[in-house]
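Below: the structure, in structure tokens.
Heads up: numbering here begins at 1 and tracks the sequence. No hydrogens, no waters, no symmetry mates; every other heavy atom, side chains included, goes into these values. For ligands, and for the atoms within them, numbers begin at 1 and follow the listed sequence.
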Amino acid sequence: MAGPRETQAPPDAAPVLDYEAIVIGAGMSGMYQLHRLRELGMRVRVFEAGTGIGGTWYWNRYPGARFDSESYSYGYSFSKELLEEWNWSEHFAGQPETLRYLNHVADKFDLRRDIQFRSRVAAATYQEDTRSWTVTLQDDSRFRARFLITAIGPLSAPTLPRIEGVDTFQGQSFHTARWPHEPVDFTGKRVAVIGTGATGVQTIQTIAKSVGRLSVFQRTPNWCAPLHNGKIDAETQKKIKSGYPEMFRRCQETFACFLHTPDPRGAFEVSDEEREAFYEKLYAERGFGIWQGNFRDILIDRKANATISDFVARKIRQRVKDPEIAEKLIPRNHGFGTRRLPLETFYYEAYNQDNVELVDITETPIQRITPKGIKTSTAEYEFDIIIYATGFDAITGSFNKIDFRGVDGVKLKEKWKHGPQTYLGVMVDGFPNMMMLMGPHTALGNIPRSIEYNVDWVTGLIGYARESSLTRVEATAMGVTAWTDHVKALGVGLLSNEVDSWMTGINSNVEGKQTRIVARYSGSAPAYRAKCDEVAANRYRELALG
Ligand code: NAP
């Protein structure tokens, strides 16, 4: 690893910078950003904390981790050759395959030579005199660049539960997002899983088959729907390849860049029989259709939402043999789809197995983790392995872990004390030359589709700055207020904004994250792109340029 460098500019000369741009993170967004900036002929360095590329798909190696957007709609779309040569083996690829794919991309575009691994960024400070950013790594080495691009992901700061004794357990314990690279043997083991979000669901349904005994500690049940994964045969592979242009065009048109988009009908604009038949059809189809392709009003109208919630509750009751357990698995405090929907493969059937038990910790709260296992209000359990599927300090958590300081040393964490404030989700006033990929207030949806747009837009802005000899691009305070207000207004009336989840900024394990905020852009992706395109077409006049 390179050591600290002296890069002080001689007086009255252009500053000597190590790089033109520094990108933090070598996940899907950092990788593509590196590729695009290189195309502009820029000297770029990516700092990555891990030992390899892949971000989310590098860290989340837990058993059963896989896409729940269709593989082919999730890969990069920017290279025809890449699309042509890569064969996804399943409709929803598992983590090992996805990581292989991303490594293939890194090889193909020779990305690794500009990525410095094992390099966690500790701080980034804007220097007005040189209009540049100084990035400090955890080992204290420092690098300067004109542009700083964060590619640190909305779900990359894992959080352990705030339960007494977490450090005292003497068996093996893992957070799902810090899973070891070596295989973990579950055969015959007594295993606990805490957490039943999308990660917990995938883990539980996968390890239930091989563990000796599995105890699931559930605080809040989530609505889940079947994934319906399957292998891709040769003929389908051909169709996928020839259909790529049409498929990506469709992803550009849909609300959240998925293959699915809301049905134009309201839930009560059809007869009861038609509604039931529609729900049956959606429940039998692959992927997010039941969430993203459902009636247009299920996520905004309580009564409409109740119809699909009732339908899925009936499915749970049919699939889980023990009626008491079935009732415990049915969410009571939120409607279907108002939290991020976990997609499952025989998740509910796992609870029919003799070796799987559900511990409802709202009834019998966990009191502490002990050296031998978990103590609840009524029992002491002994385990060989505890798995924490307890989620992330989402959206702003990865930002809070880095000491970002803008003009006059203002801390980003301080500026966002009451929730993020951004311009298009990409920039912040007082933080010139810093751009965020998949930052707060951007359109997330089918993430790679949003990443490609986000990266292309940032590349366009940086390209424009270079062509126009601009050395300082900054969001205005007015622009930030307008965008933040717009994002908040879009969230009004959404049932998801009335529910505690990572999407509303809640994390019971993080100090100060107990109040709901609007951290996500919830308008349509086409509307988001239209706004960003307009800003670019107007030569970024909404920004302060210098
Ligand atoms: P999550 O949705 O935030 O779920 C965390 C779980 O841990 C919840 O069940 C939560 O319960 C529980 N929990 C947290 N702290 C606890 C405590 N102290 N005691 C007991 N239970 C506790 O996190 P996640 O499952 O990792 O998923 C996060 C997001 O990652 C997903 O929504 C999705 O966007 C993404 N993801 C995607 C995929 C995919 O694409 N295939 C797979 C996995 C995850 P409460 O609900 O009561 O807080």
For ligand 1, note which part of [X] has a heavy atom under 4.0 Å away: side chain, backbone, both or neither.
{"X": "I361", "value": "side chain"}
{"X": "N509", "value": "side chain"}
{"X": "I194", "value": "side chain"}
{"X": "L155", "value": "side chain"}
{"X": "F392", "value": "side chain"}

Would [X] and [Y] count as a close aromatic pair, with their ring centres under 6.0 Å?
{"X": "Y62", "Y": "W179", "answer": "no"}
{"X": "H181", "Y": "Y58", "answer": "yes"}
{"X": "Y279", "Y": "F336", "answer": "no"}
{"X": "F392", "Y": "W502", "answer": "no"}
{"X": "Y72", "Y": "H91", "answer": "yes"}

Return the residue, atom name and 0.1 Å-rounded distance of the protein heavy atom closest to [atom].
{"atom": "atom 12 (C) of ligand 1", "value": "G195 CA, 3.6 Å"}
{"atom": "atom 9 (O) of ligand 1", "value": "T196 N, 2.9 Å"}
{"atom": "atom 41 (N) of ligand 1", "value": "R66 O, 2.3 Å"}
{"atom": "atom 19 (N) of ligand 1", "value": "R219 NH1, 3.7 Å"}
{"atom": "atom 37 (C) of ligand 1", "value": "R340 NH2, 3.2 Å"}
{"atom": "atom 45 (P) of ligand 1", "value": "T220 OG1, 3.4 Å"}
{"atom": "atom 5 (C) of ligand 1", "value": "A389 O, 3.5 Å"}
{"atom": "atom 44 (C) of ligand 1", "value": "T199 OG1, 3.3 Å"}

For [Y], is there an ion pair with [X] - N to carboxylate O distance below 4.0 angstrom?
{"X": "R332", "Y": "E327", "value": "yes"}
{"X": "E380", "Y": "K372", "value": "no"}
{"X": "E280", "Y": "K315", "value": "yes"}
{"X": "K321", "Y": "E349", "value": "no"}
{"X": "E382", "Y": "R190", "value": "yes"}

[X] N/O under 3.5 Å from ligand 1 N/O:
{"X": "W502", "result": "yes"}
{"X": "D68", "result": "yes"}
{"X": "I163", "result": "no"}

Does ligand 1 have any atom sitting under 4.0 Å from a heavy atom of R339?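 In this structure, R339 qualifies as a contact of ligand 1 - some heavy atom is under 4.0 Å.
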When you measure from the heavy atoms of Y62 to every atom of ligand 1, does any distance fall below 4.0 Å?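 So Y62 counts as touching ligand 1.
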Within 45° cone of F248 ring axis and under 6.0 Å: R250 NZ or CZ: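 R250 over F248 ring: no.
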Only heavy atoms count here, so choose which of G94, G197, S501, G391 is nearest to atom 23 (O) of ligand 1.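 Going through G94, G197, S501, G391 one by one, G391 has the nearest heavy atom to atom 23 (O) of ligand 1.
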